[in-house]
Amino acid sequence: MLDLRQLRENPDQIQARLNQRQGHYDIQPIVQLDQQQRSLEQERSQLQARSNEIGKLVGQKMKTDPQGAETQALREEGSQVKAKIGELETQEKALEFQLQPLLLALPNLPSSTTPIGASEDENLEVRRWGDEYLPQSSQLLPHWEIGEKLGILNFERSTKIAQSRFVTLIGAGAALERALIQFMLDRQTAAGYIEVIPPFLVNSQSLLGTGQLPKFAEDLFKCDSDDLWLTPTAEVPVTNLYSNEILPAEALPIYHCAYTPCFRREAGSYGRDTRGLIRLHQFNKVELVKFVHPSTSEAEHQTLVQNAEAILQALQLPYRTIELCTGDLGFGAAKCYDLEVWLPSASKYREISSCSNFGDFQARRANIRFKEAGQKGTQLLHTLNGSGLAVGRTMAAILENYQQPDGTVRLPEALQPYLKREIL
RNA sequence: GGAGAGGUGGCAGAGUGGUCGAAUGCGACGCACUCGAAAUGCGUUAUCGGGGUGACUCGAUCGUGGGUUCAAAUCCCACCCUCUCCGCCA
């Protein structure tokens, strides 16, 4: 959520920065509603002051002269003031009802350091790593064929259990998934992230806090009879760990990593990536989440990206780091780097991690603040998160990049101790 | 799921219709005393919104949302959460 005060003080500047994004956002209605709301509020709080005064006066009179004409007159005035306040409150609520959804639907402002561009075509490749590990053979199979041949992935039977876009991992496949989760958590906890296992179901308030709601409800699975949704990413439960809290400044930075399954409806992506592990309704992910002092968030973002990249490097998977331009930036992000791993079957780099700095956007929605000892007031902190990494896509990359002519798959050295074998 | 109890400031805890943003204690911070510390004394110690350059000022907030009333932490209704007992359950 954007700062309403900033919005009314620098509307042109805010509008210009929103215009750098894809899509049209008009802040004019918000500025107007805010104006109306404030003038109503002024009027109402004056009346309320009078109402409080009457209350006190009547309180005094009730002791000495409860039936007196003056007392009755005050009570009468109190009733009228109260009625007027009621009217104003109704109007104010109606305005709030219009304003709040508009405000919640506005995306974050791109950071001043985010490259300006209209679409993903103008994203910047920041660096590329691991060219020497690119597979040389031209006879490469896609990972779903490798997995099915090895009997470690089963998509067909999963549709009986659930639907299309689900997978069942079997034998060494299940073990590899589990090993990857363990490996990633081991690395990230060694890098200083405190592991958490949060609830996998989250309420609407939490989704509002991180920005999935109200705009992206159709991408989520909802539990029908409760105010609970399946979490689309650990970002939601982990960021909301501290919602509505005021942390002491000394507590920052806070680093968390979390393994969770993630559930996404993938509405509107029918026909895209229909095969394999790339786009499933349920997938595993290890997420990194940081809560930091605003002055450090830029530097914290860089190290977060490095922490995610470290996993790909340890697995010796070729990848590149992309800096998203303003036109491709996610809803809540001020700045974002994507990591893309090489998928030989598609001859393409595919996203395997997305590392965003949200600035105070989520903190304002979720009301996460900190207080500096000895200083007056509170400040919003900055939140950041990134995948470290998406586990299913990592498995896909391993199967494809490490496949051998005989149909087997060599395991990355870093994983061999976890699986106690070298070949799948 | 059934029965009961309860949700008040950083914490503990009083407050059952009126001057209560809220006693008291603890903690924290400042000052005094001290060579220093402890003890003691005095003082400060929530958040949000509006107005004002500012000193300041108005309003809101006692789990959340409604209601009754001139007036609600206090009464009524709904919901959420916590605890105890029973049932069920990995």
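Note on naming: letters A, B, ... go to the chains in the order of the sequence lines (proteins, then strands), and numbering restarts at 1 for each one.
Pairs passing the salt bridge (Lys or Arg N to Asp or Glu O under 4.0 Å) check and including a residue from residues 151-175 of chain A, sequence neighbours excluded, do not occur.
Q48(A) has its CD atom 15 Å from the C1' atom of rC48(B), to the nearest Å. Following rounding to the nearest Å, E43(A) (CD) and rC58(B) (C1') show an atom-to-atom distance of 14 Å. Straight-line distance from the CG atom of N52(A) to the P atom of rG21(B): 9 Å, rounded to whole Å. To the nearest angstrom, P of rC79(B) lies 15 Å from CG of D227(A). Distance, E9(A) CD to rG49(B) P: 12 Å, rounded to whole Å. Atom pair E89(A):CD and rG59(B):C1' shows a separation of 11 Å (rounding to whole Å applied).
When Watson-Crick and G-U wobble pairs are counted only if both distances are under 3.5 Å, rG54(B) pairs with no nucleotide at all.
K82(A) has a side-chain polar atom (N or O) that falls below the 4.0 Å cut-off from OP1 or OP2 of rA71(B). The side chain of K56(A) contributes no N or O atom lying less than 4.0 Å from OP1 or OP2 of rC20(B). At rC70(B), none of the side-chain N or O atoms of K84(A) fall inside 4.0 Å of OP1 or OP2 (strictly under the cut-off).
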(request) Decide ring pair (Phe, Tyr, Trp, His ring centres under 6.0 Å) for F331(A) and F361(A); before the verdict, give the C-alpha distance in whole Å, the side-chain angles of both, and the deciding distance to 0.1 Å. (result) CA-CA 10 Å; F331(A) 179 73; F361(A) 185 81; 5.7 Å; yes

(request) Apply side-chain contact (heavy atoms from CB on, under 4.5 Å) to K84(A) and E43(A), showing your working. (result) CA-CA 10 Å; K84(A) 182 69 184 160; E43(A) 194 182 343; 4.1 Å; yes

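Each of R5(A) and R44(A) lies near RNA chain B, and the nucleotide nearest R5(A) is the one positioned closer to the 5' end. Both R38(A) and K93(A) sit near RNA chain B, but only R38(A) has its closest nucleotide nearer the 5' end.
Judged purely by distance below 3.5 Å, without hydrogens or angles, the side chains of N367(A) and N244(A) pair a donor atom with an acceptor atom.
To the nearest whole angstrom, the two P atoms, one in rC26(B) and one in rG1(B), are 44 Å apart. Straight-line distance between the P atoms of rG25(B) and rC42(B): roughly 10 Å, to the nearest whole Å. Distance check on atom P: rC29(B) versus rC79(B) gives 45 Å, rounded to whole Å.
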